[in-house]
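What follows is a set of notes on a single structure, which appears directly below.
Quick note on labels: first sequence line is chain A, next is B, and so on, each numbered from 1. All values below come from the heavy atoms of this structure, side chains included, with hydrogens, waters and symmetry mates left out.
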Protein chains: 2
Amino acid sequence: MTKPVPTSNEPCPVARATSLIGDRWSLLIVRDAFDGVRRFSDFQRSLGVAKNILSDRLRKLVDAGILACQASREGSAYQEYVLTEAGNDLFPLVLALRQWGERQLFSPGEAHSELIETASGKPVAAMLPRRQDGSVLMPHDTRVRKLP
Amino acid sequence: MTKPVPTSNEPCPVARATSLIGDRWSLLIVRDAFDGVRRFSDFQRSLGVAKNILSDRLRKLVDAGILACQASREGSAYQEYVLTEAGNDLFPLVLALRQWGERQLFSPGEAHSELIETASGKPVAAMLPRRQDGSVLMPHDTRVRKLP
DNA sequence: CAGTATCCCTCAAGATACTG
DNA sequence: CAGTATCTTGAGGGATACTG
């Protein structure tokens with residue numbers, strides 16, 4: 001039995017997002033999905049998570065509209081979990097997490113996996129918030145406008 | 001007693017990052033810090049978190065080099081928690097979380113807080129991964145290069 | 001005000017066995 | 001292979017009282 005996904009009523013999008021995907025496994029599942037993983041056992045092997053937990057998270061991600069469950073086209077019995085449009089829209093988030101980790105959590109020269117632009121073979125450039133004119137936006141140039 | 005921050009040995013930056021800041025409160029603390037919150041009781045009021053938990057998270061964020069603890073310049077006894085350089089570097093991550101939440105977790109027309117560019121008063125533009133030439137990079141244009 | 005020290009409790013997570 | 005069912009454990013989190 002799954003608890004209903006409450007999609008919290010928080011007016012802050014950050015709070016609402018973290019309450020949905022801010023747990024130990026969801027974003028790692030999404031990362032693997034971007035990496036081409038589709039099958040239950042492949043997620044399980046990749047993550048080393050207990051099967052019941054994986055089952056629960058996959059269901060929640062499907063309920064949240066981030067993953068879709070579709071029959072394998074190979075005729076086998078199993079299903080495949082693929083990113084929906086909302087799931088693909090998490091690409092900037094996973095990338096931001098990855099790039100911050102690369103910059104701040106590895107010693108200089110320490111090896112880590114890396115996101116590559118397939119066509120050129122070069123690492124994906126740092127993603128930064130920008131203005132319309134292309135200049136980089138710093139935290140101090142912004143403020144949060146709260147609800148009326 | 002704080003458990004030592006193990007800074008996990010995972011070779012994947014996403015995994016390492018989530019293991020450090022992927023809990024229920026850390027990113028919300030960071031969000032508040034970007035919003036100008038500096039004092040213990042202000043974090044507490046804003047988040048509604050138990051004081052012992054807040055104390056623990058602030059210490060972990062300080063240990064991780066994301067926040068720095070400095071004496072208030074007003075001569076009062078209390079300290080202030082401010083973002084370090086590594087903390088400020090989380091701006092793209094918090095923004096990605098916010099923008100995904102705005103796009104996917106609110107009904108059309110549902111009110112939410114919003115990040116504004118102070119100078120213009122306009123909402124911050126969507127942050128997207130781009131190539132050097134400025135074109136938008138899609139998930140399928142990339143792949144993860146694993147460790148040797 | 002800014003925390004620390006306890007106590008308690010729920011739920012996430014793991015292990016294992018089982019089913020279609 | 002792809003899950004579900006059940007049991008157990010422990011960490012995360014809340015409430016409250018206390019201290020400098």
Side-chain angles (χ1 to χ4, degrees), chain A residues 1-6 8 10 15 18-30 32-33 36-64 67-82, chain B residues 1-8 10 15 18-33 36-64 67-82:
Chain A
M1 216 61 327
T2 319
K3 280 184 305 185
V5 179
S8 69
E10 312 256 5
T18 57
S19 83
L20 186 61
I21 52 174
D23 72 286
R24 184 166 166 190
W25 296 112
S26 295
L27 280 175
L28 295 178
I29 292 173
V30 170
D32 277 1
V37 176
R38 299 180 160 214
R39 290 175 53 169
F40 189 93
S41 60
D42 290 335
F43 283 112
Q44 216 232 326
R45 197 173 10 256
S46 165
L47 298 169
V49 59
K51 295 205 287 183
N52 52 347
I53 302 296
L54 177 59
S55 175
D56 182 75
R57 285 316 121 88
L58 287 172
R59 182 172 21 238
K60 281 182 178 164
L61 288 170
V62 168
D63 288 352
L67 291 179
C69 209
Q70 60 186 38
S72 151
R73 66 157 82 112
E74 316 214 337
S76 313
Y78 64 82
Q79 316 207 72
E80 297 190 331
Y81 297 90
V82 297
Chain B
M1 215 62 322
T2 318
K3 282 183 306 185
V5 179
T7 304
S8 68
E10 312 257 6
T18 56
S19 80
L20 186 61
I21 53 174
D23 72 288
R24 184 165 166 191
W25 295 114
S26 296
L27 279 174
L28 295 177
I29 292 173
V30 170
R31 173 205 63 181
D32 276 1
V37 175
R38 301 180 159 213
R39 290 174 54 168
F40 189 94
S41 60
D42 290 336
F43 283 111
Q44 216 234 322
R45 196 174 8 257
S46 165
L47 298 170
V49 59
K51 295 205 287 181
N52 52 347
I53 303 296
L54 177 58
S55 175
D56 182 75
R57 287 313 121 90
L58 287 172
R59 183 174 18 240
K60 281 180 178 164
L61 288 170
V62 168
D63 289 353
L67 292 179
C69 208
Q70 60 186 38
S72 151
R73 64 155 81 113
E74 317 215 335
S76 313
Y78 63 80
Q79 317 206 72
E80 297 190 330
Y81 297 90
V82 297

*asked:* Base, sugar-phosphate or nothing for A/Tyr81? Non-hydrogen atoms, less than 4.0 Å.
replied: sugar-phosphate
*Provide the full list of salt bridge (charged side-chain N to carboxylate O under 4.0 Å, His left out) pairs with a residue in residues 40-52 of chain A, sequence neighbours left out, each pair given once.*
A/Asp42-A/Arg45
*Are OP1 or OP2 of D/dG3 and a side-chain N or O of A/Ser55 less than 4.0 angstrom apart?*
no
*For B/Ala15 and A/Leu28, which heavy atoms make the closest approach, and how far apart are they?*
CA-CD2, 3.8 Å
_On the nucleotide C/dC1, are OP1 or OP2 found under 4.0 Å from the side-chain N or O atoms that B/Arg39 carries?_
no
*Strand DNA chain C as a dot-bracket string - pairs counted if Watson-Crick or G-U with both distances under 3.5 Å, | where the partner lies in another strand*: ||||||||||||||||||||
*asked:* For D/dG12, does the base pair up with any side-chain atom of B/Asp23 as donor and acceptor (N or O, under 3.5 Å, distance only)?
replied: no
_Which residues pass the salt bridge (charged side-chain N to carboxylate O under 4.0 Å, His left out) test with A/Arg24, not counting sequence neighbours?_
none
*Do any side-chain nitrogens or oxygens of A/Gln79 fall under 4.0 Å of OP1 or OP2 in D/dG3?*
yes
*Closest to the A/Phe40 side chain: D/dG13, C/dA13, D/dA2?*
D/dA2
*Mind checking salt bridge (charged side-chain N to carboxylate O under 4.0 Å, His left out) for A/Arg39 and listing every partner two or more places apart, or none if nothing turns up?*
none
*Is there a donor on the side chain of B/Asn52 or the base of D/dG14 sitting less than 3.5 Å from an acceptor on the other?*
yes
*Between D/dG14, D/dA2, C/dT4, which nucleotide gets closest to the side-chain atoms of B/Ala50?*
D/dG14
*Taking only N and O in the side chain of A/Arg57, is any of them less than 4.0 Å away from OP1 or OP2 of C/dA13?*
yes
_Partners passing side-chain hydrogen bond (donor to acceptor under 3.5 Å, both in side chains) against A/Ser46 (at least two apart in sequence or in another chain)_ = A/Asp32
_Non-neighbouring partners of A/Ser26 that pass side-chain hydrogen bond (donor to acceptor under 3.5 Å, both in side chains), sequence neighbours left out_ = A/Asp23
